[in-house]
Every structure is written in C-alpha cells, then in structure tokens.
Trainee: 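Below you will find the structure I want to go over with you.
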Amino acid sequence: MTFTRISHFSLFFSSFFFLSSTLSSHLYPASATTPEKDGKTRSLYSEILRDEAVARLNNLGKVSDADGYLERTFMSPASVRAGFLIREWMEDAGLRTWVDSMGNLHGRVEGMNASAQTLLIGSHLDTVVDAGMFDGSLGIISAISVLKVLKSIGKLGELKRPVEVIAFSDEEGVRFQSTFLGSAAVAGILPVTALKISDKSGVTVQDALKGNSIEITEDSLLGLKYDPASIWGYFELHIEQGPVLEWVGFPLAVVKGIAGQTRMKVTVRGSQGHAGTVPMSMRRDPMAAAAELIVLLESLCKHPRDFLSSGGNCNEQTLESLSTSLVCTVGEISTWPSASNVIPGQARNSSVTFTVDLRAIDDVGREAVVYELSNQMYKICDRRSVSCIIERKHDANAVICDQELSSRLKSAAYSAVNKMVGQIHEEVPVLMSGAGHDAMAISHLTKVGMLFVRCRGGISHSPEEHVLEDDVWAAGLAVLAFLESHM
C-alpha cells in the first residue's frame, strides 16, 4: 500500500482542525506487509481485518429500504435485516448477542474477569437517505473483525475485562428527526417523551418497536441505562467525513473532541409589494435583509476575532479555539410568496426564513458567537426597518475525549501503521470532529475516545463515500492493538 499526500487540497482545510504535527509529503514506502515470526501472522490478519471486513461492508451496503440507493432508518425492514447480518457476524466472532428494547444490537465477550468494568465499542447501523456504506458500519464491522481475530488465535478469553460491541439502532435521526435514539437510551439521557415522537406517517417510536416485536414502556426505557460504575470507557471508530487525513497522507487520526452545536431559525419580515412599482428607497425588503444577515454570519465565522476581541467576552484561548474550529452554515432558506415579481412580505406568518448551524469545540466561545451574531442581526434589521425573530432550536455541548483513552488510541494507531509500512517518524494526527457521533451521547455515561479513518475526498453522506481497503485494514489493526492493551 502507498500513503501519499493529496496536494490538490488547500491548507485552508487544516484551519478547521487541531493537527498534532505537520506531516511530510513522502511519508511511507509502498510495501504494506512486513515479515512476521510465523506464517499465520505474516499477512497481519489481512484475510479477516481487510478482505472479510470489506466484503461485509459491501454486503451491508446492499441492505436498503430503497431501490437504487442506500437508506436504512430506525426499525425499518432493511434496518432489521442489517441487524440479523451483524448479529450473525458477532456470533461468528464468539460473542453472546441480544437486542435491547430500543433495537440496539449487542455482542459481548466476558474475558478473564466478568465482574471487571466493561469496555464498550460502538457505532450506528442506520443511515441517511442516499447514503454511503462506511458511515457507522465501518466502526461496527472493524470491532467484530478484531474480536474474530482474537478468537481465531485463541486469545478472545484473555481479555482482562469484558468487551461489548453495540450496533446502535439510530444515530442519524432521519425517520423521527431525533438523533441518538439508540445511544441516548444506553446512556440514560433519552426522555420518555421520545417514545411518542411520530414519523411522517404518524407512526411513533414505540409503534415502530412494537411492529418488530419489541415491547417498550417508560419503565423499560429507563432500565436501558447502563450503570456508570460498571463501564470502563467507550471507543468509537468512524470515517473522518472530512478531507484532512487525505490531505496529510495518513490513514488514521485520534479525535480530540466533538464540536458543540447550536441550530437557529431566523425569520425576517418586511412589507410585501409589487416588484415593479415600489421604489427602492421605500422598500422594506426582507430578502435583501436576509442576504445581509447571511453575509454577516459568514464574516463573523471566518474572522471571529474581528467581532469578539473588543467585547471582552472571550479570552485569548477561546479566541484561538474559535479561529481553528468555528464553522457556520445556512442550510435552508425559504420565502413567501416566492414569486419572481413579488417583494416577500408578512403573509402566511413569515417572509424569509433561513436556518443557521453553528459549531465549535469551545462552548463558551460558541455562546459568545451566538450572542454577538444575534445582536448584529437585530441591528441590521432595525436599520432596514424589517423585523427579525431568532429562535434557538437545538443546543449540544462539545465533548472532549478522555486524555488517557486518546493516548492509548494514538499508540494503537501508530502501531498499526508501523506494522503495515515499516518504521515511521511522524506522529498520528489529532483532529476535531465537526460532526456529531454516538460518542456524544455515551459521554454522559462514561469517558469516550475516537479514531478517525481516512475517506476519499472527505465525502460522506453520499454514495461517493469511500474508504481504501488498506485503510480498513489499518483501522482493524489499530483496534486490535488497542484491545491487546486490555490483555
């Protein structure tokens, strides 16, 4: 295998992430295998960690509720079929399996001491609409493959603590517009009201479970929470969903933390009128105002220091964090009456509405950005004689990964790459995740750590999502090295 730097990615991308070092463009030789002491390990378990894992990912990628593209949502027929496959693979790896009352699939090995604290490894089996086949699935399949390796060499029982792999039933939140249904239930943070949330067809979460012969009540939901004292920690392997690893030419990275997020809905109202008869000087045009607000958002998020330095709300550390991790997006915009010859107005309760998605690793800084953004937006609307309503729709605090766990994962990733290509001298990159993961929910239960795996072009949530077969292999070797530290 060859790890190469992809030069067409600009240095611009690295400003969004925390990199542990600058990696050279000629990192590794082409050889992917090194001679080992015996023939059984000469291929570094490539037949299981690469070949079989890739085949299983391909098989799972064909399990879909749609024709022509990949879609698996909470408790859908395809989701259930995927669970059957994963359960079969778990049992093939020597794991005891069960499905809980939120549809999460568990596979567990007790190791040498069944009463010791458990290491949880997990990711999600659901997908977005028109998805790629690696998001979520890679973390599940890699963990199962590693445990199968340990079984095949007679070391599965030598783990000094129980290891439990969980394929969470819902992370994406596509069907019920409520993320982390599976992992939040295990963490004990899913409210009982979530059982009554309906999908577009009026089917509730509770109905969806019952339709698959899973009875859940408020009491049984509360009973899903794991005892924090019984858990040692949680580890999640996931594709990066960004371009940095490809740009630096490294297959794996340790995750420093997961960005906190604020979602807002902004509604701007003005005076509706005829496009040809209202003079420009007399207009109260919410579309033009919204455009200025969106440009303000972009400017603030590109240059937070210019807006926050003078207010005294942020110290230097927070400003530095925002300069490297803050990202903002307007993903939706709508207008009424949405006609080419009409100035939008106040009809139907709104004129121009758009969404704001704002993320940063520093929660204090994120709050300062929201505060400053809101103030500046109100000033612009006042100057333009339009009204402005800003609603906060969602808030999630940032999650910082555990230092001890991250250190072990970093060593494991280094060991994996070193075994595949020979001696390396660069450090494993350390990145921030701008996307949410099940680790965010599980952080309410125990310490968490994550490894990222390089994906082509940084593309995710798309059928173009792709991970090199040798990077799947590297990921498996890293998980194996991590588990070997628990032997």
Side-chain angles (χ1 to χ4, degrees), residues 65 72-80 82-83 86-87 97-108 118 120-128 136 140 164-231 233-234 236 258 260-265 363 391-399 435-448:
D65 288 304
R72 285 196 306 268
T73 59
F74 179 76
M75 287 291 105
S76 70
S79 179
V80 174
I86 293 169
R87 189 169 191 171
T97 65
W98 71 97
V99 177
D100 67 27
S101 55
M102 189 50 72
N104 298 311
L105 175 59
H106 303 250
R108 182 180 175 96
T118 300
L120 302 178
I121 307 175
S123 200
H124 58 97
L125 61 81
D126 69 317
T127 74
V128 297
I140 299 168
E164 187 173 318
V165 179
I166 309 178
F168 293 114
S169 57
D170 174 273
E171 186 254 20
E172 301 289 4
V174 171
R175 181 174 182 181
F176 291 98
Q177 299 297 300
S178 180
T179 58
F180 306 136
L181 288 176
S183 51
V186 170
I189 60 170
L190 186 68
V192 294
T193 54
L195 296 178
K196 301 301 182 184
I197 298 174
S198 299
D199 64 12
K200 293 179 179 179
S201 300
V203 178
T204 66
V205 170
Q206 193 170 27
D207 293 335
L209 289 162
K210 188 174 182 179
N212 287 282
S213 302
I214 299 175
E215 296 289 342
I216 187 168
T217 64
E218 293 184 3
D219 289 340
S220 60
L221 173 59
L222 296 175
L224 286 177
K225 180 183 179 180
Y226 278 36
D227 177 7
S230 71
I231 305 301
Y234 171 82
E236 183 169 354
I258 305 171
Q261 180 187 44
T262 295
R263 291 183 183 179
M264 298 184 290
K265 176 182 176 182
D363 289 329
E391 303 171 82
R392 292 181 72 152
K393 292 294 188 178
H394 171 77
D395 283 287
N397 287 337
V399 171
H437 301 285
D438 288 298
M440 295 188 81
I442 299 297
S443 69
H444 293 270
L445 174 70
T446 187
K447 62 187 179 184
V448 300

Trainee: Under 3.5 Å, is there a donor-acceptor pair linking the side chains of Asp126 and Thr73?
Mentor: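 Checked: Asp126/Thr73 side chains show no N/O donor-acceptor pair below 3.5 Å.
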Trainee: Measuring from atom CZ of Arg392 to atom CZ of Arg263, what distance do you get when rounded to the nearest 0.5 angstrom?
Mentor: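 CZ of Arg263 is found 13.5 Å from CZ of Arg392.
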Trainee: Heavy atoms, side chains only, cut-off 4.5 Å: are Leu181 and Phe74 in contact?
Mentor: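 A side-chain contact exists here, since the closest heavy-atom pair is under 4.5 Å.
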Trainee: Taking the side chain as every heavy atom from C-beta outward, state whether Pro77 and Asp65 have any pair of such atoms under 4.5 Å apart.
Mentor: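 They are in side-chain contact.
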Trainee: State, yes or no, whether a side-chain contact exists between Ile442 and Ile231 at a heavy-atom distance under 4.5 Å.
Mentor: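 No, every pair of side-chain atoms sits at 4.5 Å or beyond.
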Trainee: Working to the nearest 0.5 angstrom, can you tell me the gap between Ser101 OG and Lys210 NZ?
Mentor: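 Taking OG in Ser101 and NZ in Lys210, the distance rounds to 14.5 Å.
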Trainee: Measuring from atom CG of Asn397 to atom CG of Asp363, what distance do you get when rounded to the nearest 0.5 angstrom?
Mentor: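 Those atoms lie 4.0 Å apart.
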Trainee: Side chain to side chain donor-acceptor pair (under 3.5 Å): which pairs involve residues 173-184, sequence neighbours left out?
Mentor: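 Those involving residues 173-184 are Arg175-Asp199, Ser183-Asp438.
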Trainee: Is the shortest heavy-atom distance from the side chain of Leu445 to the side chain of Leu120 under 4.5 Å?
Mentor: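 The answer is yes, as the side chains (C-beta and beyond) meet within the 4.5 Å cut-off.
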Trainee: Please check if the side chain of Ser123 supplies one atom and the backbone of Gly136 the other of a donor-acceptor pair under 3.5 Å.
Mentor: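 Side chain of Ser123 to backbone of Gly136: a pair is present.
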Trainee: Using a 3.5 Å distance criterion without hydrogens, assess whether the side chain of Arg72 forms a donor-acceptor pair with backbone atoms of Leu125.
Mentor: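 Looks like yes, one N/O pair under 3.5 Å.
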Trainee: Testing the basics here: between Leu221 and Ala185, what is the closest heavy-atom pair and its distance to 0.1 Å?
Mentor: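 Where Leu221 meets Ala185 most closely, the heavy atoms are CD1-CB, 4.0 Å.
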Trainee: Is there a donor-acceptor pair closer than 3.5 Å between any side-chain N or O of Glu171 and the backbone N or O of His124?
Mentor: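 Judged by distance alone, no pair lies under 3.5 Å.
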Trainee: Does any N or O in the side chain of Tyr234 come within less than 3.5 Å of the main-chain N or O of Thr446, such that one atom is a donor and the other an acceptor?
Mentor: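 No, Tyr234 side chain to Thr446 backbone: no donor-acceptor pair under 3.5 Å.
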Trainee: Test your reading of the model: is there a side-chain donor-acceptor pair from Ser169 to the backbone of Met102, 3.5 Å cut-off?
Mentor: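 Flag set: sc Ser169 to bb Met102 pair under 3.5 Å.
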Trainee: Could you tell me how the ring of Tyr226 sits relative to the ring of His106: parallel (under 30°), tilted (30 to 60°) or perpendicular (over 60°)?
Mentor: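 The arrangement is parallel - the two ring planes meet at less than 30°.
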Trainee: Between atom CE of Met75 and atom CG of Asp170, what is the distance when rounded to the nearest 0.5 Å?
Mentor: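 One finds 9.5 Å between CE of Met75 and CG of Asp170.
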Trainee: Regarding Ser220 and Thr217, is there a side-chain donor-to-acceptor distance under 3.5 Å anywhere?
Mentor: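 Result is yes, a qualifying pair exists.
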Trainee: Ala435 and Ile258: which non-hydrogen atoms are nearest, and at how many Å?
Mentor: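 That would be O-CG2, 3.3 Å.
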Trainee: Between atom CZ of Phe176 and atom CD1 of Ile197, what is the distance when rounded to the nearest 0.5 Å?
Mentor: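 Interatomic distance, Phe176 CZ to Ile197 CD1, rounded to 0.5 Å: 8.5 Å.
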Trainee: How far apart are the closest heavy atoms of Ser198 and Thr204, and which atoms are they?
Mentor: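 Here Ser198 and Thr204 meet closest at OG-CG2, 3.6 Å.
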Trainee: Would you name the heavy atoms of Gly103 and Ile214 that are closest together and state the gap between them?
Mentor: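 Scanning both residues, the minimum pair turns out to be CA-CD1, 4.1 Å.
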Trainee: How close do Arg87 and Trp98 get, counting heavy atoms only, and between which atoms?
Mentor: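 Scanning both residues completely, I find the closest heavy atoms to be NH2-CA, 3.6 Å.
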Trainee: Supply the atom-to-atom distance Leu195 CG to Asp207 CG, rounded to the nearest 0.5 angstrom.
Mentor: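 CG of Asp207 is found 10.0 Å from CG of Leu195.
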